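Single-structure report; data block below.
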Amino acid sequence: MRAYILTIGDEILIGQVTDTNATFMANALNEEGFEVVEHLSVADTREGIMSGLMRATEAADVVLVTGGLGPTKDDITKHVLADFCNTELVFHEESWKRLKKIYRTFGKKATKHHRVQCELPATATVLTNERGTAPGMWLELEGNIIVSMPGVPYEMRQLVRNEVIPRLLEFNGDDKRLRALTILTAGAGETTIAEQIEPVEDSLPEHMSLAYLPNLGTVRLRVTTRGTDEERMKAELEDVRVQIEDIIGDLVYGYGKGDLALAVQSRMQNKKLTLATAESCTGGSIAALITRHPGSSSHFMGSIVAYDNKVKNKVLGVPVNMIRKNGAVSEPVVKAMAEGARKKLGTDYAIATSGVAGPGGGTKDKPVGTIWIAVAGPEGTTARLLSSGKDRKRNIIYTVHQALDMLRRVLDGK
């Protein structure tokens, strides 16, 4: 199914608000194997919305619309949708009951303006908005599905995850279903992986596809199949998974929607191990990614952000002479940082980083993007040199992924 993303709002067109909704929806659709053919932002006017809907329905099977569903007079999306779908607005009693209940919870009373919010296109299937008052709407036309959602990002995301994607995966006129498997990899780029598994990709039948979803230091492989036989589709996905892992098994760290921090967490929990970090150039970013996941307290003890050399010396125990001789961005120092963090926080393992993240601060010998990472553990301490680019944000994210993958490989005995 081809998908189209239509965002409504003058504030987006004039650059007052960044359209993060389109980015999220495109990523969510792509992850499930849908082909996103175009993004379009239009003004919050009847003419803008109508022309956007006409263009979108001509180009795609599914149209995801955000914006213009509030209680004020300038929120006209549902009015235009009703006209476009050749229907009328009707009062939706269940939405009104739910809205009044929400306001009672906060000790307030819903007004006539809120009541207007419950007038919806007669042919729409109402999608419950668990995080707001404006309901989502699912409309089916001949050959098209139009889904309208609020423009508030956290409301839209909940609807996409819990309502829209599940419905789209189950909906198809020919009774076929879409099933997919995501293989998570780290340690090689998209081009390298594509070259290695080219024979597998070339052998896929027409009803199967392989998509590459790269990030800094990681690549997700999305294998998709389509059909009516669930057992056959399951077997097809498993067969492709085995073929890919036979070729790049050391790069695979998990499946589904996890990340490297979650992969490390599961391994450490299974082995009852503990972890600490000593971060200079990453400034606590590794610890932030680790603690984003529930349950991280079971293995993660803490982090020392040793940005200044005095902290490296006084807190982590890195000898002053070692720093003077080799510089803070060096193999001996980053190893000593990892060993110091492991000792200081009493953990089984420790990760350390030290580098020149940029955009300034580089030298001829150590240009921007020169970064050392180290992992200390019962087996000893290993270090690795990264040579990245000049973009500070990208360098930090890349370093975080590489450091976690380095620990993952140590834990896997690789």
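Keep in mind the model is a prediction, meaning the values are calculated, not measured.
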[Y] backbone acceptor or donor facing [X] side chain under 3.5 Å:
X    : Y    : answer
Q402 : R384 : no
H114 : T111 : yes
Q265 : P294 : yes
D61  : R2   : yes
N270 : S266 : yes
K335 : A383 : no
T185 : V219 : yes

Do the side chains of [Y] and [X] get nearer than 4.5 Å, heavy atoms only?
X    : Y    : answer
L169 : P166 : no
L404 : R408 : no
R232 : E236 : yes
H299 : I290 : yes
M149 : V164 : yes
L81  : L53  : yes
L29  : L64  : yes
V147 : L159 : no

Is atom [atom1] of [X] surrounded by more than 12 heavy atoms (other residues, nucleotides or ligands) closer than 6.0 Å?
X    : atom1 : value
K393 : NZ    : no
K100 : NZ    : yes
K366 : NZ    : yes

**Study point:** Verdict with reasoning, E201 to E198, per side chain to side chain contact (heavy atoms under 4.5 Å, CB included)
**Key:** CA-CA 5 Å; E201 185 172 8; E198 184 176 6; 5.7 Å; no
Exercise for review: Might you work through the side chain to side chain contact (heavy atoms under 4.5 Å, CB included) test for L221 and I197, ending with a clear yes or no?
Suggested key: CA-CA 11 Å; L221 307 177; I197 65 173; 4.1 Å; yes
Exercise for review: Could you walk me through whether T57 and N144 pass side-chain hydrogen bond (donor to acceptor under 3.5 Å, both in side chains), step by step?
Suggested key: CA-CA 6 Å; T57 51; N144 294 107; 4.8 Å; no
Practice item. Run the numbers on L210 and V240 for side chain to side chain contact (heavy atoms under 4.5 Å, CB included), then give the verdict. Key: CA-CA 10 Å; L210 174 61; V240 174; 6.0 Å; no
Review point. Is it true that the NZ or CZ of R157 lies under 6.0 Å from the centre of F24's six-membered ring and within 45 degrees of the ring axis?
Key: yes
At their closest point, which heavy atom of [X] faces which heavy atom of [Y], and how far apart are they?
X    : Y    : value
T274 : G346 : OG1-O, 4.2 Å
A60  : A3   : CB-C, 3.8 Å
L139 : P121 : CD2-CB, 3.9 Å
P332 : M322 : O-SD, 3.4 Å
G389 : N395 : O-ND2, 2.9 Å
A134 : N129 : O-ND2, 2.9 Å

Does a donor on one side chain sit under 3.5 Å from an acceptor on the other, for [X] and [Y]?
X    : Y    : value
S296 : T291 : no
T353 : T399 : no
E379 : Y349 : yes
T7   : N21  : no
T182 : R222 : yes

**Study point:** Evaluation steps, salt bridge (charged side-chain N to carboxylate O under 4.0 Å, His left out), between E339 and R342
**Key:** CA-CA 5 Å; E339 291 163 359; R342 184 178 177 231; over 6 Å; no
Check your understanding: Applying salt bridge (Lys or Arg N to Asp or Glu O under 4.0 Å), which residue pairs with at least one partner in residues 285-309 are found, sequence neighbours left out?
Key -> D259-R292
Exercise for review: Just grab all the salt bridge (Lys or Arg N to Asp or Glu O under 4.0 Å) pairs involving residues 260-280, residues at least two apart or on different chains.
Suggested key: R267-D412
Exercise for review: Start with the C-alpha gap between Y4 and E38, add the side-chain angles, then the distance that decides, and say whether side chain to side chain contact (heavy atoms under 4.5 Å, CB included) holds.
Suggested key: CA-CA 5 Å; Y4 198 104; E38 193 169 272; 2.5 Å; yes
